[in-house]
Amino acid sequence: QSTELVFELSRPGRRGHRVPPCDVPADTPLSSLVPDRFLAAEPPPLPEVAEIDLIRHFTNLSTRNMCIDTQFYPLGSCTMKYNPKRHERLAALPGFADLHPLQPDDTVQGMLELLYEMQQFLAEISGLPAVSLQPAAGAQGELTALLVAAAYFRDKGQTHRRKVLVPDSAHGTNPASAQLAGFDTVTVKSNAKGLVDLEELKAKLGADTAVFMITNPNTLGLFEVQIRQITDLVHAAGGLVYLDGANMNAILGITRPGDFGADMQHYNVHKTFTGPHGGGGPGSGPIAVRDFLAPYLPAPVVVRDGDTFRLSDTRDKTIGRVRSFFGNVGILFRGYCYIRTLGPDGLKACSETAVLNANYLRARVSEAFDVPHPGPCMHEFVASGRSLLRERKVRAMDVCKRLLDYGFHAPTVYFPLVVPEALMMEPTETESKETLDAFADVLLTIKGEDAELLKTAPHTHVVSRPDEVKAAKEPVLRWRAPV
Amino acid sequence: QSTELVFELSRPGRRGHRVPPCDVPADTPLSSLVPDRFLAAEPPPLPEVAEIDLIRHFTNLSTRNMCIDTQFYPLGSCTMKYNPKRHERLAALPGFADLHPLQPDDTVQGMLELLYEMQQFLAEISGLPAVSLQPAAGAQGELTALLVAAAYFRDKGQTHRRKVLVPDSAHGTNPASAQLAGFDTVTVKSNAKGLVDLEELKAKLGADTAVFMITNPNTLGLFEVQIRQITDLVHAAGGLVYLDGANMNAILGITRPGDFGADMQHYNVHKTFTGPHGGGGPGSGPIAVRDFLAPYLPAPVVVRDGDTFRLSDTRDKTIGRVRSFFGNVGILFRGYCYIRTLGPDGLKACSETAVLNANYLRARVSEAFDVPHPGPCMHEFVASGRSLLRERKVRAMDVCKRLLDYGFHAPTVYFPLVVPEALMMEPTETESKETLDAFADVLLTIKGEDAELLKTAPHTHVVSRPDEVKAAKEPVLRWRAPV
Amino acid sequence: MPYLLNTDADRAAMLAKIGATSVDDLFAPIPAELRLTRPLDIPAALCEQDLTAHMQRLAAKNRPAGELVCFLGGGAYDHFVPAVVDAVAGRSEFYTAYTPYQAEASQGTLQAVFEYQTLMCQLTGLEVANASLYEAGSAVAEAVLMALGVTGRTGEVLVAGSVHPQYVQTLRTLTENLPCRVRVLPTPHGFLDPDDVAKAVTDSTVCVILQSPNVFGCLEESAAVGAAAKKGGAVFVSVFDPVSVGLLRRPGDDGADIAVAEGQGLGVPLGFGGPYLGILACRGDTEYLRKIPGRLVGQTTDRNGKRCWVLTLQTREQHIRREKATSNICTNQGLLALRAAVHLTALGPTGLRETAELCLRKAHYAAAELAKVGGVRLAFDRPFVKEFTVRLAADVPAVLAGLRESGFLAGLPLGDWYPDLPDAVAVAVTEKRTKAEIDALAAALREQLAKTA
Amino acid sequence: MPYLLNTDADRAAMLAKIGATSVDDLFAPIPAELRLTRPLDIPAALCEQDLTAHMQRLAAKNRPAGELVCFLGGGAYDHFVPAVVDAVAGRSEFYTAYTPYQAEASQGTLQAVFEYQTLMCQLTGLEVANASLYEAGSAVAEAVLMALGVTGRTGEVLVAGSVHPQYVQTLRTLTENLPCRVRVLPTPHGFLDPDDVAKAVTDSTVCVILQSPNVFGCLEESAAVGAAAKKGGAVFVSVFDPVSVGLLRRPGDDGADIAVAEGQGLGVPLGFGGPYLGILACRGDTEYLRKIPGRLVGQTTDRNGKRCWVLTLQTREQHIRREKATSNICTNQGLLALRAAVHLTALGPTGLRETAELCLRKAHYAAAELAKVGGVRLAFDRPFVKEFTVRLAADVPAVLAGLRESGFLAGLPLGDWYPDLPDAVAVAVTEKRTKAEIDALAAALREQLAKTA
């Protein structure tokens with residue numbers, strides 16, 4: 001298979017697209033409309049290809065991806081569940097797809113109704129009543145919530161609360177977001193069970209504590225059994241509890257962050273409510289907060305007046321906005337469809353099944369690999385390849401690469417950092433026992449395979465293992481025309 | 001890669017689709033509405049799978065096909081040109097896709113306008129003024145035209161005209177269609193140039209001649225230079241000339257069957273005007289005929305009354321209908337889009353380019369293979385692998401299979417029957433010189449490859465060469481549940 | 001030019017290689033006097049944006065189901081199509097491939113067709129199904145061609161008067177010049193009396209064709225008719241509805257030798273009548289297998305013993321048998337067969353049964369509600385499933401036109417097909433119709449009838 | 001349950017393997033008092049058919065561009081999207097894959113992003129582009145974070161008053177707690193005077209942000225502003241329009257250090273504002289490369305020396321740097337970047353230029369026609385390309401509401417953003433608008449103004 005770039009297919013003068021003839025007077029020279037100093041002599045040097053070139057190129061490219069529609073994709077922390085086809089069809093309806101973001105409210109009542117309901121759903125699921133749909137991704141949701149917290153403390157005259165506490169097992173975006181919101185980060189070590197160490201937490205809480213960011217279930221797939229004590233401690237210290245909602249898929253309809261003491265949380269709508277992941281985006285990261293934080297939320301939000309809906313900008317203490325326009329509506333739309341399709345019982349059954357699947361896979365995987373933390377897990381778990389490394393010098397990454405040969409996507413590897421040779425697996429609720437068994441069987445097979453075979457895997461893909469060091473040392477980030 | 005059948009994925013009780021709750025009274029037992037003797041105890045034993053199973057199964061299946069969107073597909077006689085994406089998008093507009101075939105004319109004026117224009121376009125392109133869009137495929141078009149001819153001769157009291165003359169190079173559907181229209185077939189041998197032998201034709205023409213069926217350009221890709229003499233001879237004998245329009249792609253806007261003496265022709269809209277071939281269908285095979293044959297055409301046709309359009313059934317001599325409803329409208333729709341996109345100059349340029357591409361590929365291929373008939377060819381040509389067979393015992397089919405390894409679809413093989421070890425290649429107008437060169441280069445490479453490698457090809461596909469004899473001798477035409 | 005790739009430089013290089021001086025040289029075999037010396041008289045080219053605008057304008061001149069509430073049936077039904085059907089059929093590997101002549105590079109299509117064939121066997125209760133035909137009308141004619149071959153008879157083809165008139169018309173046209181005669185057996189009570197069949201069948205009868213549910217929506221006495229046909233040695237051809245069979249006995253269960261259906265209801269858009277899907281299945285006896293028209297996909301093994309699929313039994317086909325062929329069908333409706341396979345797989349046995357039951361219950365509710373309207377009565381006292389026929393004490397075209405104004409495609413007037421039923425309208429009710437829509441139709445009809453009374 | 005596969009038997013077998021007696025056992029770590037003891041208060045489940053009907057009802061309550069003729073711009077434009085864009089983005093291998101962590105199994109996504117990065121370099125005339133950001137507003141803020149890092153300064157961020165106010169708002173929000181101050185430089189004549197920049201820039205100025213064409217549609221003196229910024233050692237951030245750049249000088253040609261754009265015009269549906277595409281490109285200097293936010297795909301070779309692509313320079317990212325990260329962006333808008341790549345590839349240089357020229361000519365025609373209407377005047381005497389601002393001698397909301405009744409989204413009222421411009425309306429004209437639509441808008445506006453005068 002060739003790896004020609006589209007630029008290398010270009011031939012001068014070849015083209016695909018054609019524009020309509022100009023139906024307004026076109027006889028005046030351009031420079032009489034726009035002064036020459038603004039005009040380029042030539043258009044940008046884009047590739048010149050025909051429509052068939054384009055289609056063949058990108059169609060063939062697509063076949064070099066693994067994806068949900070062709071493979072089991074147990075990528076921990078990413079909640080790679082099935083993306084229903086009905087969502088794609090409905091999102092393409094012109095009545096949704098062709099709405100301009102600045103249309104007046106009276107021309108987008110159906111869209112506003114949907115978004116209003118989505119606000120209500122997310123509030124209900126989290127137990128936190130005020131929602132902003134604006135953040136474009138989970139990380140932006142985190143940041144938005146921390147900006148809300150900063151504004152709240154500023155408003156309360158508590159600008160000395162400059163510290164954000166983050167467990168060592170947290171997603172890397174947590175400390176990064178804290179940083180960008182102007183806080184200082186303090187790392188809180190986990191205990192041997194992989195949970196927050198209460199003593200350590202107590203030691204680090206203080207008058208300077210602004211926010212404790214907690215992922216629950218955490219990135220090891222464990223529910224923080226002492227969550228109530230944790231949130232009480234933070235509140236007692238005058239801080240706010242932020243819940244990283246990446247793992248909401250485990251607890252829908254089972255327990256609510258608002259009920260266990262979180263003051264703020266974000267959602268990853270693309271994960272929990274199955275927006276397709278798009279090769280890395282778009283996502284959608286709305287946040288839900290307690291009433292006392294509502295005035296600080298970004299504007300606008302959708303409000304209901306009787307039977308009509310409107311966008312409201314009128315929060316006096318709003319932090320402003322974290323992006324242009326309303327939000328990643330297309331992903332919110334798909335999340336809405338998922339919630340409406342599942343209903344209350346279905347959402348709960350999702351989480352129950354995600355947890356059952358994870359525990360079953362955990363049981364199967366532990367036939368071959370260490371699973372350092374005691375179960376039951378929630379919707380995901382972390383195995384360790386440390387014995388394989390010790391005994392046969394095979395790394396967790398080698399196992400991952402070999403899985404690709406068997407037609408499975410790899411688990412998340414080397415995260416969380418607290419587990420050596422981590423293999424983090426999240427099967428989600430949309431997989432069957434047969435699929436989990438097939439995957440576990442392959443893992444067992446791989447464990448017994450020749451070490452060299454594993455270290456040189458994969459063997460069946462369009463390329464073999466790339467030289468990542470070279471990529472970083474001599475970065476080539478764009479194609480250039482040969483001279 | 002597994003080749004599991006969808007039936008083998010089935011698990012009792014698993015399901016994807018759900019129906020709405022019944023919103024009309026549902027308390028009466030079914031047997032009170034429909035007597036028991038009509039009702040089955042169980043629904044048909046269809047497979048039971050979830051939506052994700054279905055999508056993975058069929059998505060993975062799809063990746064085991066070559067197709068226009070991923071490969072060059074020089075399948076002679078099939079006109080595998082690019083299928084524009086805009087056609088698919090437009091055909092999905094609810095204003096076209098959701099029209100019931102029996103809606104009253106006043107609710108389908110846009111559709112009727114389109115079909116009326118399509119009738120006009122096809123009449124203009126063929127030079128034959130009366131069109132029926134009804135036939136569902138080329139073969140049905142042939143049959144329809146022959147039924148028209150039979151009705152015409154019956155009407156004229158010439159029921160003794162029972163013979164249909166067919167060149168030996170013709171598509172197999174020609175004699176089959178003649179048979180089904182109640183005629184007897186007489187084969188007319190080609191001369192050494194691959195063209196109709198005038199003397200042979202004269203000898204076979206007579207008072208019993210009903211129709212001479214001619215493919216022009218013929219299946220060797222050659223234009224019948226004596227076409228005028230041929231049609232004159234047939235007409236002088238009192239017969240009708242039928243043009244097999246499979247090869248219209250060579251002559252759009254260049255010459256017209258009506259102008260060179262054809263009385264009837266069919267179109268393969270899916271070929272000439274690029275309906276996607278759909279893995280073997282649907283097609284669309286409208287026919288165009290001279291005015292004196294118009295009264296016999298199937299009903300209905302679209303007629304125009306001022307600014308409105310209606311379906312008319314009112315031909316008194318009509319043969320009736322050859323299918324239910326109007327025709328393969330979806331394919332006619334795509335053909336209409338192609339004609340509107342190209343316009344008169346574009347259609348002519350298509351044929352010019354198709355012919356240029358074929359002659360260029362012919363020149364390149366003749367570096368390695370015999371091309372028995374003198375050029376120039378029209379839109380396709382036939383090479384012969386006879387020397388390869390003689391010298392190295394490699395068959396044309398072996399070459400075809402090896403081409404698959406190089407990422408090209410194979411040409412049509414062993415057709416037409418008049419050329420030994422035939423390799424029939426039709427590049428179409430939508431391919432570039434680079435693609436033709438790449439293909440020709442591979443053919444040259446293959447010719448020099450080890451014979452055993454070729455005989456066991458392909459080597460890179462999901463399956464190797466199937467046992468076709470076994471398939472025919474012990475036919476397994478369906479899956480059965482294991483007992 | 002749209003879709004053409006060669007640049008001027010390419011063209012020059014290609015001509016040089018060919019040894020021609022111009023593209024025109026290549027057309028030398030076409031005598032000058034036969035050349036078209038003017039541009040084709042068709043409209044000038046449209047770019048994609050303008051084509052899109054043009055097609056949107058045309059589309060806006062139509063009033064599709066969805067804009068009008070559709071109670072039209074008559075062989076094409078407004079059933080719900082799950083999104084997975086479009087998603088799979090929209091894979092370009094399926095829709096831009098051709099006939100799977102090269103099996104190794106076409107296992108996707110071949111396996112899908114093999115699955116389709118199996119599903120059709122499951123749906124009909126018969127042993128063999130082909131890879132699909134154009135649509136139901138020509139499929140009925142192909143069934144008769146089979147019957148001619150299987151029986152070797154040249155007598156009558158008996159068709160129930162309640163079979164879709166377009167199928168009968170098609171059958172007449174396609175057998176016009178063949179050695180058999182089509183005779184329609186009257187169905188004055190909305191169904192074919194098995195006794196009439198017993199009387200009509202002789203030892204030269206080729207076949208008996210029955211459709212159930214028939215064009216009036218009524219169920220036929222299939223088992224009894226089939227028995228009568230077979231008693232005379234005639235082939236029993238049963239035309240069935242692939243959705244209703246979720247609830248009803250299958251053709252094979254009622255003794256059909258050949259089953260035929262319009263497959264549109266299995267995931268195929270209404271599309272103004274085509275492309276549709278002709279389903280044909282039959283008994284597994286050798287003589288049937290030899291005569292079955294169209295393509296067949298068979299299972300075999302490759303060089304390594306791996307299971308795979310190929311086009312098979314092609315010796316039956318025209319490009320081998322030519323003038324000895326018994327059918328001229330050389331393609332199938334591949335993409336539609338795929339749609340049907342995906343649709344049935346999506347629904348599964350339970351989904352198909354529930355859909356059929358919803359249609360039935362809603363149709364019965366609708367029949368009851370419409371019959372309450374003054375001037376409306378049910379045409380036949382027969383069991384029905386998703387379609388039924390009413391007779392109106394009013395001018396049918398005027399009433400239907402009035403209902404169109406109110407937003408309804410209220411039903412199919414049968415007068416054109418059955419001059420003795422000028423007041424009859426067939427009303428189809430699918431699972432998509434809601435109680436509210438049915439109630440609204442009844443109300444609108446009441447209003448119309450009051451107006452025209 | 002929809003989408004759930006395990007049967008009762010599966011569940012039993014799984015629990016047995018786990019060693020649990022019920023699914024509830026697995027939730028034991030969640031203290032009972034924290035459990036939700038009632039069902040969630042959200043609506044009951046809808047099957048696909050009912051969901052479809054529900055969404056169609058909601059859609060029918062909207063009046064999309066296409067139903068209303070769209071002259072709205074303000075950062076989102078009704079450009080034509082070729083069908084190939086949907087066809088490619090609709091490939092499930094692209095849209096159901098995730099971040100290409102496993103390069104060998106993700107070359108499709110990786111190569112497409114590498115092509116996107118190259119296309120963005122070609123479009124901007126700059127050396128490096130990232131794999132995309134959320135949208136333009138946050139991309140502007142990310143550019144400022146970069147500038148903070150590159151310059152090491154903590155002073156003012158100077159922003160032209162003619163930059164899209166939502167971008168400025170976003171910038172203010174996102175830098176609120178960071179060591180810099182946003183100062184808006186007034187643009188009373190519809191553009192930023194380079195002299196004002198020269199005066200405002202000091203040796204602590206972090207960057208100067210200019211948008212051209214700006215929110216009024218006017219072109220800015222980019223080269224001169226850029227020169228003034230750089231003279232003071234500040235970073236010059238240029239916000240551009242990716243369609244107009246088919247005709248205009250590129251940001252890099254005018255000295256931009258960082259170029260940012262809203263990529264929606266490159267094949268992304270209007271979609272009520274998202275997901276959109278934040279384009280960010282910059283100079284190739286090492287300090288820029290170290291600070292560029294978001295993902296980067298780089299070229300390398302595999303074990304066999306074959307060219308391939310990987311995510312690279314990830315040490316810049318949060319999961320490695322954590323609290324030392326300078327951006328918290330950890331994804332990109334992969335599917336939108338793909339759309340933009342396909343769109344630009346479809347258009348090519350000529351198509352992009354011709355599109356830009358059509359927009360320009362139509363916008364100029366529209367400006368001339370609207371200016372002929374009594375009570376309408378152009379707000380600024382500045383060059384513009386596809387959008388321009390008029391001032392109305394009438395109540396703007398009333399006029400716009402009236403035009404909506406006539407079928408037009410006639411333009412964007414600027415009064416909410418610019419209290420000193422209560423009578424201003426920005427009118428955008430893309431290649432999709434026809435002369436007939438423009439003439440009809442002018443006529444409708446004349447009528448409205450006559451009415452309200």
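Note that this is a predicted model, so its numbers are computed, not measured. Labels below follow one simple rule: chain letters A, B, ... track the order of the sequence lines, proteins then strands, and each chain is numbered from 1.
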Fill in the blank from the handout: Whatever's closer than 4.5 Å to a heavy atom in chain B on Ile30(C) counts as both
Problem - Greater than 12 external heavy atoms within 6.0 Å of Lys348(B)'s NZ - result: no
Handout entry: Segment of Tyr167(C) engaging chain B (4.5 angstrom heavy-atom cut-off)
Key = side chain
Completion exercise
Heavy-atom nearest pair, Arg249(C) first then Leu39(B), reads CG-O, 3.6 Å
Handout entry: Proximity breakdown for Gln169(C) and chain B, heavy-atom pairs closer than 4.5 Å
Key = both
Handout entry: Part of Met80(B) lying under 4.5 Å from any heavy atom of chain C
Key = side chain
Handout entry: Check: Met111(B) main-chain N/O paired with Asn62(C) side-chain donor or acceptor under 3.5 Å
Key = yes
Problem - Toward chain B, the part of Arg250(C) with a non-hydrogen atom under 4.5 Å - result: side chain
Handout entry: Arg465(B) vs Glu104(C) side-chain heavy atoms within contact, under 4.5 Å
Key = yes
Practice task
Sort out for me which of Arg172(C), Arg63(C), Gln107(C), Arg307(C) touches chain B most, counting heavy-atom pairs under 4.5 Å.
Solution key: Arg307(C)
Exercise for the section: Side chain from CB out, backbone as N, CA, C, O: work out which of these in Ile251(B) comes under 4.5 Å of a heavy atom of chain C, or both, or neither. Expected result: side chain
Practice task
Would you mind checking which part of Ile254(B) comes under 4.5 Å of any heavy atom in chain C, side chain (CB onward), backbone (N, CA, C, O), both or neither?
Solution key: both
Exercise for the section: Measure the acute angle between the ring planes of Phe325(B) and His164(C), then classify it against the limits of 30° and 60° as parallel, tilted or perpendicular. Expected result: perpendicular
Practice task
Check whether Leu344(C) gets within reach of chain B through its side chain, its backbone, both or neither, counting any heavy atom under 4.5 Å.
Solution key: both
Problem - Residue part contacting chain C, namely of Thr456(B), when any heavy atom lies under 4.5 Å - result: both
Completion exercise
When the 4.5 angstrom heavy-atom criterion is applied to Ala44(C) and chain B, the contacting part is backbone
Handout entry: Polar side-chain atom of Asn328(B) near backbone of Gly274(C) as donor-acceptor pair, under 3.5 Å
Key = no
Problem - Segment of Gln140(B) engaging chain C (4.5 angstrom heavy-atom cut-off) - result: both
Exercise for the section: Against chain C, label Ala150(B) side chain, backbone, both or neither, depending on which of its atoms sit under 4.5 Å from a heavy atom there. Expected result: side chain
Exercise for the section: Give, for atom OG1 of Thr312(C) and atom CG of Leu477(B), the distance between the pair rounded to the nearest 0.5 Å. Expected result: 7.0 Å
Exercise for the section: Please state whether the side chain, the backbone, both or neither of Leu409(C) comes within less than 4.5 Å of a heavy atom of chain B. Expected result: side chain
Practice task
Indicate yes or no: does Asp467(B) engage Arg303(C) in a salt bridge with an N to O separation below 4.0 Å.
Solution key: no
Problem - Contact winner vs chain C - Gly182(B), Gly16(B), Ala97(B), heavy-atom pairs under 4.5 Å - result: Ala97(B)
Handout entry: Top of Gly346(B), Ser177(B), Gly320(B) for chain C proximity - count of heavy-atom pairs under 4.5 angstrom
Key = Ser177(B)
Practice task
Output the option from Asp259(B), Leu180(B), Leu347(B) having the highest count of non-hydrogen pairs under 4.5 Å with chain C.
Solution key: Leu180(B)
Handout entry: Under 3.5 Å: donor-acceptor pair, side chain of Gln299(C), backbone of Val476(B)
Key = no
Handout entry: Check: Lys435(C) main-chain N/O paired with Asp23(B) side-chain donor or acceptor under 3.5 Å
Key = yes
Practice task
Under 4.5 Å heavy-atom distance to chain B, tell me which part of Phe27(C) shows up: side chain, backbone, both or neither.
Solution key: both
Practice task
Indicate whether the side chain of Asn174(B) and that of Asn328(C) have a donor and an acceptor atom separated by less than 3.5 Å.
Solution key: no
Problem - Heavy-atom pairs under 4.5 Å with chain C, option from Arg362(B), His57(B), His409(B) with the top count - result: His57(B)
Practice task
Just give me the residue among Arg57(C), Glu115(C), Gln117(C), Lys17(C) that pairs up with chain B most often, heavy atom to heavy atom, under 4.5 Å.
Solution key: Glu115(C)
Exercise for the section: Check whether Pro25(B) gets within reach of chain C through its side chain, its backbone, both or neither, counting any heavy atom under 4.5 Å. Expected result: both
Handout entry: Residues that Asp78(C) engages under salt bridge (Lys or Arg N to Asp or Glu O under 4.0 Å), provided they are two or more places apart
Key = Lys432(C), Arg433(C)
Problem - Presence of salt bridge, Glu48(C) and Arg89(B), under 4.0 angstrom - result: yes
Exercise for the section: Output yes when Arg15(B) and Glu354(C) qualify as a salt bridge under the 4.0 Å nitrogen-oxygen rule, no when they do not. Expected result: yes
Handout entry: Thr3(B) and Lys306(C): side chain donor to acceptor below 3.5 Å
Key = no
Problem - Part of Val88(C) within contact of chain B (heavy atom distance under 4.5 Å) - result: side chain
Handout entry: Which portion of Tyr73(B) sits near chain C, non-hydrogen atoms under 4.5 angstrom
Key = side chain
Handout entry: Interchain contact, Phe7(B) with chain C, by part (heavy-atom threshold 4.5 Å)
Key = side chain
Exercise for the section: Select one option (side chain, backbone, both, neither) describing which atoms of Pro47(B) are under 4.5 Å from chain C's heavy atoms. Expected result: both
Problem - Structural part of Glu357(C) lying under 4.5 Å from a heavy atom of chain B - result: side chain
Exercise for the section: Would you mind checking which part of Leu404(B) comes under 4.5 Å of any heavy atom in chain C, side chain (CB onward), backbone (N, CA, C, O), both or neither? Expected result: side chain
Exercise for the section: Keeping the roles fixed (side chain from Thr109(C), backbone from Gly279(B)), state whether a donor-acceptor pair exists under 3.5 Å. Expected result: no
Fill in the blank from the handout: Greatest number of non-hydrogen atom pairs under 4.5 angstrom with chain B, of Asn304(C), Val23(C), Asn332(C), falls to Asn332(C)
Problem - Option that, when pairs with chain C are counted at under 4.5 Å, heavy atom only, ranks first among Leu61(B), Ile125(B), Leu102(B) - result: Leu61(B)
Practice task
Over all heavy atoms of both residues, which pair between Leu34(C) and Phe260(B) is shortest? Give the atoms and the distance, please.
Solution key: CD1-CB, 3.7 Å
Practice task
Sort Asp253(C) into side chain, backbone, both or neither according to what part of it lies under 4.5 angstrom from a heavy atom of chain B.
Solution key: neither
Fill in the blank from the handout: Looking only at Leu400(C), Leu51(C), Leu338(C), Leu360(C), most heavy-atom pairs under 4.5 Å shared with chain B are made by Leu51(C)
Exercise for the section: Name the region of Glu113(B), side chain, backbone, both or neither, that has any atom closer than 4.5 Å to a heavy atom of chain C. Expected result: side chain
Completion exercise
Bottom line for Arg14(B): the part with an atom under 4.5 Å from chain C's heavy atoms is neither
Fill in the blank from the handout: Applying a strict 4.5 Å limit to non-hydrogen atoms, the region of Leu352(C) in contact with chain B is side chain
Handout entry: His100(B) side-chain N/O to Ala76(C) backbone N/O, donor-acceptor pair under 3.5 Å
Key = yes
Exercise for the section: Measure distances from Leu178(C) to the heavy atoms of chain B and classify the residue's part below 4.5 Å as side chain, backbone, both or neither. Expected result: side chain
Problem - Thr96(C) and Asn83(B) side chains, donor-acceptor separation under 3.5 Å - result: no
Handout entry: Residues Asp106(B), Arg404(C): salt bridge by 4.0 Å N-O rule
Key = yes
Handout entry: Top of Ala13(C), Ala131(C), Pro100(C), Cys121(C) for chain B proximity - count of heavy-atom pairs under 4.5 angstrom
Key = Cys121(C)
Exercise for the section: Please look at Tyr82(B) and chain C and tell me whether the side chain, the backbone, both or neither of the residue comes under 4.5 angstrom of a heavy atom of that chain. Expected result: side chain
Handout entry: Among the listed options Pro376(B), Pro44(B), Pro20(B), Gly283(B), the residue most often paired with chain C at heavy-atom distances under 4.5 Å
Key = Pro44(B)
Practice task
Answer yes or no: is there a donor N or O on one side and an acceptor on the other, between the side chain of Asn65(B) and the main chain of Gly108(C), under 3.5 Å?
Solution key: yes
Problem - Residue part contacting chain B, namely of Pro82(C), when any heavy atom lies under 4.5 Å - result: side chain
